[in-house]
Amino acid sequence: MRLPPQSGEWIVRSKPHGFRFEGRGYTGFEGDTIASALWAGGVRVLGHSFKYHRPRGILSAANHDVNALMQAGGTPNVRADATPLQAGMSLTAVNTYGSLERDAGRFLGWFARFLPVGFYYKAFHSKRLFPLWERMFRAMTGLGRVDFSTPRLRTPKRYGFCDVLVVGAGPSGLSAALAAAEQGADVVLVDENARLGGSTHGATELISKVTTHPNIRVFTDTCAAGYYADHWVPLVERDRISKMRARAVVVAAGAYEQPAVFRNNDLPGIMLASAAQRLIRRYAVRPAQRVVVLAANADAYRALADFIDAGIEVAAVIDLREAVPTEQVAVLAARGIPLHAGHAIVEALPAADGKRVAGVKLAPVNTAAPVTEIPCDGILVSVGWAPAAPLLYQAGTKMRYDAGVHQFVPDTLPDGVFACGRVNGVHEPESRLLDGECAGSAAAAHCGFGTMKAISVPAETASPTHPWPIVPHPKGKNFIDFDEDLQLADLENAIQEGFDNIELMKRYSTVGMGPSQGKHSNMNALRVLARATGSTPGEVGTTTARPFFHPVPMSHLAGRGFTPERRTPMHAIHATAGAVWMPAGAWQRPEYYAVAGQSREECIEGEVRAVRHGVGMIDVGTLGKLEIRGPQAAEFLERVYISKYVGLKVGMTRYAVMCDESGVVIDDGVVARLADDHFYFTTTTSGAALIYRELSRWNTLWKLDCGIVNLTGAMAVMNLAGPKAKTVLASLTDADLSFPYLAVREGSVAGVPARLLRVGFVGEWGVEIHVPAEHGAAVWDALMKAGQAHGIRPFGVEAQRLLRLEKGHLIIGQDTDGLTTPGEAALDWAVKMDKPFFVGQRSLKAIAGKPRRQQLVGFMLSADHAGEAPKECHLVIENGDIAGRVTSIAWSPSLSRHIGLAYVQPDIAQAGQKFSIRLSDGSMVTANVVKTPFYDPDNLRQKEAT
Amino acid sequence: MSAITFENVSRTPRAGVKGPGAAAWLAALDLPVPRAPNTWLPLPGGLIARLGLTEFLVDGSEAAKLAAPLVPGVYPVLRQDTALVLHGARLNELLLETCSVDFRALDLAARPVVLTSMAGVGVTVIPGEEGGMPCCRIWCDGTYGEWFFETLAGVAGELTQPGHPCNQGVTA
Amino acid sequence: MPWRLLRFALSNKHPEPRMFTRHDQLKPAYDVVIIGGGGHGLAAAYYLARDHGITNVCVLEKGYIGGGNTGRNTTIIRSNYLTPEGVKFYDESVRLWQDLSTDFDLNLFYSNRGHFTLAHTDAALRTSRWRAEVNKHYGIESEVVGPEAVKQAAPMIDLSCGGHAPILGALYHAPGAVARHDAVAWGYGRGADMRGVEIHQRTEVLGIDVVGGKVTGVRTNRGNISTGKVLCAVAGSTPRVLDMVGIRSPIYIHPLQAMVSEPVKPWLDPILVSGSLHVYISQSARGELVMGASLDPYEVQSTRSTFDFPEGLSAHMLDMFPFLSNVKVMRQWAGMADMTPDFAPIMGRTPVEGFYLDGGWGTWGFKATPVCGKTMSYTVAHDRNHDLITGFTLDRFRNFELTGEKGAASVGH
Amino acid sequence: MTCPVNGPRAISEFAYGGEIRPMPDPTTCSDDAWADYVFNRNGSPGVKREWWCHTPSNTWFVAERDTARDVIVRTYLYAGDN
């Protein structure tokens with residue numbers, strides 16, 4: 001079936017590639033597609049259809065032959081008509097049970113009449129049986145198989161920039177690119193084919209001008225997958241994506257040739273004339289020996305020449321048009337090819353095995369005249385085109401139906417978007433060059449390069465598209481959608497059932513919803529609907545064309561998938577100390593430090609003990625750290641926190657709670673006053689970035705005389721705590737450590753300037769040491785060394801959680817939720833309603849009168865509690881109803897009791913009251929409400945070093 | 001194809017300052033003050049960059065000058081960022097794969113400073129040219145530094161592999 | 001082979017009658033006008049006619065029925081919410097769902113697949129337990145399970161999620177299901193139509209007449225109608241209709257995008273949701289992977305697509321399922337979501353007499369379709385809020401009494 | 001999106017801060033008026049004045065944006081309500 005060398009053929013005959021299909025060996029050439037190589041090898045059945053499992057061959061050879069999807073090793077749904085052949089490929093058809101030869105699914109064809117449009121909506125739905133039917137469907141459905149051993153592929157993704165992006169390198173695209181480049185624009189030209197030229201073959205002079213032009217970058221084998229706002233067009237290449245940002249886009253995407261609809265129009269051997277031309281010119285493959293050409297336009301007669309040159313016997317030309325232009329008639333006369341004008345194919349005749357076409361039945365259009373038969377092994381169809389307009393639609397182009405060319409054409413184009421060539425309704429070869437030059441020049445001018453050339457493009461003399469290439473047949477099998485196996489009657493029935501709107505018809509019949517997204521079916525479906533509803537295609541309109549133009553692999557979309565990670569300056573030290581990490585946003589924090597031979601619990605308990613009885617240190621560098629300076633710094637804090645800061649003494653700190661405008665607690669931290677006009681304060685780890693941004697917004701609005709600096713990444717922080725902490729620190733600092741609880745001092749630690757905040761979060765004498773990040777590791781090491789004698793231990797997030805719980809301190813986000821007010825969280829003491837203003841104050845005033853929904857309380861389980869303890873978020877149950885929930889609970893080694901925090905109804909929130917907690921298994925546990933702190937109620941330990 | 005060289009210059013002295021009075025204060029310290037936002041000027045042994053409207057970064061020995069007593073409307077900014085200098089023929093490709101800014105469109109003569117996001121991390125970039133090859137100086141939050149360096153180095157490594165999809169001349 | 005199909009086979013002419021009667025003109029007056037021919041509006045019409053005998057009703061649809069969020073969602077159905085109000089409400093919805101196919105004599109492909117909400121942080125795990133406990137309290141199957149249970153249901157998942165977000169556990173909700181979304185609108189539409197309700201497509205409401213605080217009529221591009229009762233069921237466009245009657249609301253519109261892969265042989269049975277990775281995924285009866293993520297981060301009143309969306313979602317998909325690298329995404333689309341401050345809907349009577357609201361549906365409207373029809377038809381028929389929706393009324397905001405659904409909604413759909 | 005200070009950037013570099021809504025005087029306004037300010041939104045499509053922040057530089061500015069078409073009309077630094 002391989003033809004003698006064709007001029008400009010794409011195959012490299014010196015490079016044969018062996019490959020396997022359905023277990024048999026074949027040989028093709030470098031440059032072949034899978035489909036062309038198989039066709040050359042005499043294979044006619046490339047796959048089976050989705051629903052009826054009918055044999056299918058090549059239809060378009062233009063990347064929408066969805067019936068020729070193949071499994072290539074681990075890769076599903078490989079498009080044989082567009083995928084380059086590689087040596088050693090092992091391929092199978094996707095939609096078969098068993099093999100293509102013995103497809104157990106063939107029986108579905110016999111049941112076709114049992115499966116009318118939407119049949120699955122109308123049956124199988126008895127509540128009892130549906131699961132069984134569904135299992136059957138799921139066994140039959142789907143196309144290719146995913147291979148679970150496929151590794152995550154990280155394909156590169158890059159940004160790209162250009163002045164003019166030209167989509168499509170056919171004649172109009174080439175001439176557009178050249179025109180734009182000539183005017184000085186930086187041009188990118190993309191085409192999904194391996195070579196430039198589009199449907200024209202050769203056009204070599206223009207191509208070489210384009211490829212050698214310094215202003216033009218060419219992307220072949222590349223699909224412009226969609227149009228996005230501001231002229232962003234992702235260019236999908238074989239192994240990467242370039243996200244192209246253009247200043248102007250020229251859509252020269254051409255048109256898809258459209259099939260004719262007649263009985264058995266899906267038999268292998270029936271293909272679009274353009275597909276046959278591709279086989280011949282690119283791959284030197286003879287589509288068939290003896291063909292009938294179904295024509296309705298000039299393109300068909302141009303194609304004829306190719307067929308004849310390729311030595312194909314053209315048995316007859318059947319032309320849907322009554323009046324065939326004389327020059328076209330002449331083409332046939334010269335070669336003695338019979339012409340049947342005003343005729344249509346009413347049926348294609350299958351060969352005995354039903355796996356290829358063996359002849360046609362034709363009859364005059366719209367008459368009951370006798371039918372004649374012509375034997376042939378191929379039918380080449382050229383009856384019209386549909387614009388490849390998805391990008392234009394996505395860009396917001398208004399399209400209109402042009403009855404002159406029987407297609408939708410751009411009516412009003414968005415700013416910076418241009419169209420030319422077939423997609424623009426221009427089909428005559430010469431006109432396409434002019435139209436392209438015109439669009440390219442306009443696009444360049446739009447970007448400020450040169451002025452737009454005044455070029456007049458002659459109107460089409462005859463329509464390249466037939467308005468009704470559709471022939472009904474009582475026995476059906478006249479397919480409109482080859483992806484979904486939809487026949488003419490299916491659409492007519494859908495319309496009759498009331499789905500007489502293009503979108504409804506699509507959804508009900510699934511026309512155009514297959515992998516080719518309606519490239520060969522939407523236009524004919526639309527015509528059927530228009531005729532059935534007595535409206536014009538223009539009135540019916542088209543469905544929305546969503547991205548992508550062709551399906552895009554997830555690996556390409558995902559790219560490398562950057563997931564930034566933050567590390568404190570002490571990260572490496574923690575790692576060597578055996579830290580077990582837990583994620584906290586972008587951070588990794590030590591949950592605890594593993595000790596050989598000890599369980600998680602033992603490790604954590606050991607860390608707690610170290611803090612309670614000796615000394616421990618935790619890295620709290622993930623806290624947000626902000627600095628605010630200026631005459632109105634205090635005023636600013638006064639407005640964003642619920643407590644008062646104007647009166648805060650220099651050298652002192654104060655707990656700080658932040659609400660949103662509805663009075664809900666969103667963050668907390670500590671504010672330290674370093675000078676009258678200078679504060680240093682912290683936020684929660686998770687809140688850091690957002691709080692800084694929000695505070696910046698407030699100050700943009702308020703314009704107070706102060707400036708906020710974000711030091712979160714610039715400062716390392718460690719909390720040194722425990723009865724021996726003071727001793728340890730004293731050995732490394734010049735600062736006088738007798739300063740009181742909640743005070744702040746500046747001094748040097750291990751020779752590094754530091755801010756020392758006397759805090760009590762964990763309930764022992766403790767100090768937060770803030771130093772510039774570059775010194776963090778050194779200071780940590782020095783303190784650990786100094787602490788060795790005192791059995792210092794680094795402690796992690798879990799130990800800190802427990803220590804703070806013993807002190808009854810809450811954690812925002814764990815002991816509060818999206819609706820918690822300060823009052824509910826037992827923070828009334830911090831709320832200063834007598835301030836002139838703070839964010840959330842007015843809302844708190846509004847709800848002050850209302851009864852409280854819930855109240856945060858501390859609770860203990862009885863000392864003799866045995867068995868399972870409640871978990872966080874177990875519910876509090878009162879007389880059978882939900883009365884609250886546990887937010888924190890832990891076994892306190894210091895108190896040898898289970899202690900926790902819970903939200904409960906106010907009427908059971910008094911110390912001494914009892915409530916019950918329900919465990920997951922339904923059993924109840926009694927808890928006693930107690931005052932917090934649980935440990936060291938008078939906070940003596942954190943105030944004074946012991 | 002030549003590799004991309006990475007130099008970690010995080011140790012060079014650095015200081016920052018921001019606030020409505022910052023520009024005047026710097027001028028009073030005899031430092032040249034970039035007029036336009038997001039531009040920089042060279043200094044003996046370093047540079048001064050204007051980040052946005054009222055923030056400045058002094059990189060190099062001159063940073064010491066910022067230890068001078070503050071005046072109202074001037075707020076010091078402790079700089080602890082990771083600072084990298086990247087240089088090489090494939091640098092532009094590296095930038096295209098990690099950042100949405102078109103650095104080639106910038107006019108280097110205008111000494112631009114670019115505040116953007118690279119591989120998902122907020123960065124300050126000063127693009128330049130050296131020995132006919134692109135180079136740039138990048139600052140990012142030090143706590144992202146390690147990951148940022150590893151990630152960029154990883155991408156750069158790929159870019160030096162022949163056959164890598166981004167190494168075909170046509171799109172370079 | 002079911003007998004229904006035999007019947008199709010034995011007659012050459014397709015026997016099915018029109019599902020929706022064509023009405024060339026609007027009547028001058030209706031007892032009830034329903035704005036919005038999506039699932040909610042058609043369901044309300046259906047139950048008004050079926051349960052309350054009110055059939056002089058018209059449904060006005062600007063485009064085509066089911067063309068809004070009904071046809072754009074990812075068809076997930078579940079009831080494992082966080083608040084008592086939410087749980088009871090959605091539980092009733094699931095109950096109704098299970099019988100709809102039979103009620104309609106139309107196969108909705110209601111497919112019970114089981115629903116996992118993956119927890120990647122201890123905070124998420126806590127929320128999961130909170131939801132599970134509340135759910136169980138109201139008799140709903142819902143429990144916290146460990147990573148091994150996730151691995152069992154989806155053996156091929158990468159529990160470490162590429163190392164970024166290890167799966168610590170999940171909230172498992174056995175009743176979780178998916179359904180063929182378009183068919184829901186058609187089923188309710190046909191049912192309402194059969195009972196005399198008029199469905200008018202391509203009919204746009206231009207204004208609503210309010211006299212003395214009371215609804216008197218509706219103005220459309222096809223003429224004016226007088227009516228005393230108007231139900232607004234246009235989630236995604238609610239504020240525009242509320243403006244017509246001068247009601248202010250907290251509703252703001254953010255797009256929610258989704259995408260679908262090429263069909264592949266079924267490999268994923270359950271529905272998986274990851275709050276941290278912003279992924280939800282199920283595999284349809286066609287073999288397509290239906291995937292969604294979180295809302296777009298800013299207000300937009302159009303269904304435009306962005307490229308950031310498939311990029312981000314695919315990256316997170318591959319964190320969970322690296323082997324999907326070669327699977328191709330076929331199509332992306334978007335819907336417009338009515339967001340509210342507390343992630344709960346706004347339903348029931350309003351300050352304008354005779355004007356009833358069914359909005360604020362955020363990203364949970366599809367699963368509520370049947371119960372909304374039930375409760376809103378009751379509310380309209382009796383001019384009294386149905387018990388199940390008293391927690392969702394508009395005045396909760398004026399009273400600072402928000403519902404606490406935020407916790408549940410924040411972990412996905 | 002064009003930041004008034006940093007120029008045109010990919011939308012991914014920006015954070016949305018919601019519509020700019022004047023706050024009623026909390027000391028004088030009624031509870032209802034306050035609740036309206038806190039919760040209610042102008043949810044209909046149209047050109048709105050919004051807060052946007054260029055996150056790499058933490059620059060807050062005003063964008064006038066048509067939310068019906070997601071088209072930015074203009075951007076400028078905040079200079080007080082008007």
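Chain identifiers are assigned alphabetically (A, B, ...) following the order of the sequence lines, protein sequences preceding nucleic acid strands; residue numbering begins at 1 within each chain.
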A.B. asks: Can you tell which part of C:Met156 gets under 4.5 Å to a heavy atom of chain A, answering side chain, backbone, both or neither?
C.D. replies: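 It is the side chain, since no backbone atom gets that close.
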A.B. asks: Say you draw a straight line from CD of C:Glu262 to CD of A:Gln517; how long is it, rounded to the nearest 0.5 Å?
C.D. replies: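 Spacing of CD (C:Glu262) from CD (A:Gln517) equals 9.0 Å.
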A.B. asks: Do C:Gln283 and A:Arg138 have side chains that approach each other closer than 4.5 Å (heavy atoms only, starting at C-beta)?
C.D. replies: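 A side-chain contact under 4.5 Å exists here.
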A.B. asks: Under 4.5 Å heavy-atom distance to chain A, tell me which part of C:Leu313 shows up: side chain, backbone, both or neither.
C.D. replies: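 It is neither, since no heavy atom gets under 4.5 Å.
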A.B. asks: Look up atom CZ in A:Arg546 and atom CZ in C:Arg331, then write down how far apart they are to the nearest 0.5 Å.
C.D. replies: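 With rounding to 0.5 Å, CZ (A:Arg546) is 9.5 Å from CZ (C:Arg331).
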A.B. asks: Is there side-chain contact between A:Arg801 and C:Asp122, with at least one heavy-atom pair below 4.5 Å?
C.D. replies: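 Touching, per the 4.5 Å side-chain cut-off.
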A.B. asks: Please report whether the ring centroid of C:Phe109 lies less than 6.0 Å from that of A:Tyr121.
C.D. replies: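 Between A:Tyr121 and C:Phe109, the centre distance exceeds or equals 6.0 Å.
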A.B. asks: For the side chain of C:Lys328 and the backbone of A:Asn77, is there at least one donor-acceptor N/O pair under 3.5 Å apart?
C.D. replies: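 Pair found, side chain donor or acceptor close to backbone of A:Asn77.
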A.B. asks: Let me know if A:Glu591 has heavy atoms under 4.5 Å from chain C in its side chain, its backbone, both or neither.
C.D. replies: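 Contact with chain C is absent: no heavy atom of A:Glu591 under 4.5 Å.
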A.B. asks: Is any side-chain heavy atom of C:Pro266 closer than 4.5 Å to one of A:Thr141?
C.D. replies: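 Yes. Closest side-chain heavy atoms under 4.5 Å.
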A.B. asks: Decide yes or no for A:Lys127 and C:Ser101: does some side-chain heavy atom of the first lie under 4.5 Å from some side-chain heavy atom of the second?
C.D. replies: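 With C-beta onward as the side chain, the pair stays apart.
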A.B. asks: Looking at CZ of C:Arg286 and CE of A:Met513, how far apart are the two atoms once the value is rounded to the nearest 0.5 Å?
C.D. replies: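 Between C:Arg286 CZ and A:Met513 CE, I get 6.0 Å after rounding to 0.5 Å.
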A.B. asks: Salt bridge or not for C:Glu133 and A:Arg885, using N-O below 4.0 Å?
C.D. replies: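 A salt bridge is absent here (no side-chain N lies under 4.0 Å from a carboxylate O).
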A.B. asks: Below 4.5 Å from any heavy atom of chain A, which atoms of C:Val134 appear? Answer side chain, backbone, both or neither.
C.D. replies: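 C:Val134 touches chain A through backbone and side-chain heavy atoms alike.
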A.B. asks: So which part of A:Thr510 gets closer than 4.5 Å to some heavy atom of chain C, the side chain, the backbone, both or neither?
C.D. replies: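 Answer is side chain: those atoms of A:Thr510 sit under 4.5 Å from chain C.
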A.B. asks: Please determine if C:Arg190 and A:Glu497 form a salt bridge, counting it only when a charged side-chain N lies under 4.0 Å from a carboxylate O.
C.D. replies: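 No.
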A.B. asks: Using heavy-atom distances under 4.5 Å, tell me whether A:Tyr227 contacts chain C through its side chain, its backbone, both, or neither.
C.D. replies: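 For A:Tyr227, there is no contact with chain C at all, as no heavy atom is under 4.5 Å.
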A.B. asks: Nearest 0.5 Å, please: how far is CE in C:Met317 from OG in A:Ser555?
C.D. replies: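 Here the rounded value is 12.5 Å.
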A.B. asks: Is it the side chain or the backbone of A:Leu153 that comes within 4.5 Å of chain C heavy atoms, both, or neither?
C.D. replies: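 For A:Leu153, heavy atoms of backbone and side chain both lie under 4.5 Å from chain C.
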A.B. asks: Under 4.0 Å between a side-chain nitrogen and a carboxylate oxygen: does that hold for A:Asp500 and C:Arg22?
C.D. replies: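 Result for this pair is yes, salt bridge flagged.
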A.B. asks: Please answer whether the main-chain N or O of A:Gly922 pairs with a side-chain N or O of C:Lys136 as donor and acceptor at a distance below 3.5 Å.
C.D. replies: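 Checked: no pair found.
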A.B. asks: Answer whether the closest heavy-atom distance between the side chains of C:Val329 and A:Met554 falls below 4.5 Å.
C.D. replies: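 In contact.
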A.B. asks: Given a strict heavy-atom distance threshold of 4.5 Å, which part of A:Arg918 is in contact with chain C: side chain, backbone, both, or neither?
C.D. replies: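 A:Arg918 touches chain C through backbone and side-chain heavy atoms alike.
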A.B. asks: Return the CG to CZ distance between A:Leu875 and C:Arg129, rounded to the nearest 0.5 Å.
C.D. replies: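 Atom-to-atom, A:Leu875:CG and C:Arg129:CZ are 11.0 Å apart.
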A.B. asks: Angle between ring planes, A:Tyr228 versus C:Phe307, binned at 30° and 60°: parallel, tilted or perpendicular?
C.D. replies: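 Tilted, since the angle between the ring planes falls between 30° and 60°.
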A.B. asks: Under 4.5 Å heavy-atom distance to chain A, tell me which part of C:Ser111 shows up: side chain, backbone, both or neither.
C.D. replies: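 Both backbone and side chain.
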A.B. asks: Any side-chain heavy atom of A:Pro76 within less than 4.5 Å of one from C:Asn326?
C.D. replies: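 They are in contact (side-chain heavy atoms under 4.5 Å apart), so the answer is yes.
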A.B. asks: A:Phe148 and C:Phe321: ring pair (Phe, Tyr, Trp, His ring centres under 6.0 Å), yes or no, with the steps?
C.D. replies: CA-CA 9 Å; A:Phe148 299 133; C:Phe321 306 109; 9.3 Å; no
A.B. asks: What residue in C:Glu401, C:Met19, C:Gln332, C:Glu288 has the most heavy-atom pairs under 4.5 Å with chain A?
C.D. replies: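 Option with the top pair count is C:Gln332.
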A.B. asks: Can you tell if the side chain of C:Leu108 reaches within under 4.5 Å of the side chain of A:Phe130, non-hydrogen atoms only?
C.D. replies: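 Heavy-atom side-chain distance check fails, nothing below 4.5 Å.
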A.B. asks: Do A:Asn501 and C:Arg202 have side chains that approach each other closer than 4.5 Å (heavy atoms only, starting at C-beta)?
C.D. replies: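 A:Asn501 reaches C:Arg202 side chain to side chain.
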A.B. asks: In Å and rounded to the nearest 0.5 Å, what is the CD1 to CD distance from C:Ile65 to A:Glu503?
C.D. replies: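 With rounding to 0.5 Å, CD1 (C:Ile65) is 12.5 Å from CD (A:Glu503).
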A.B. asks: Given a strict heavy-atom distance threshold of 4.5 Å, which part of C:Ser128 is in contact with chain A: side chain, backbone, both, or neither?
C.D. replies: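 When you check distances to chain A, no heavy atom of C:Ser128 falls under 4.5 Å.
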A.B. asks: Side chain, backbone, both or neither: which part of A:Pro151 has a heavy atom under 4.5 Å from chain C?
C.D. replies: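 It is the backbone, since no side chain atom gets that close.
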A.B. asks: Please classify the contact of C:Ile157 with chain A as side chain, backbone, both or neither, using a heavy-atom distance under 4.5 Å.
C.D. replies: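 No part of C:Ile157 comes within 4.5 Å of chain A.
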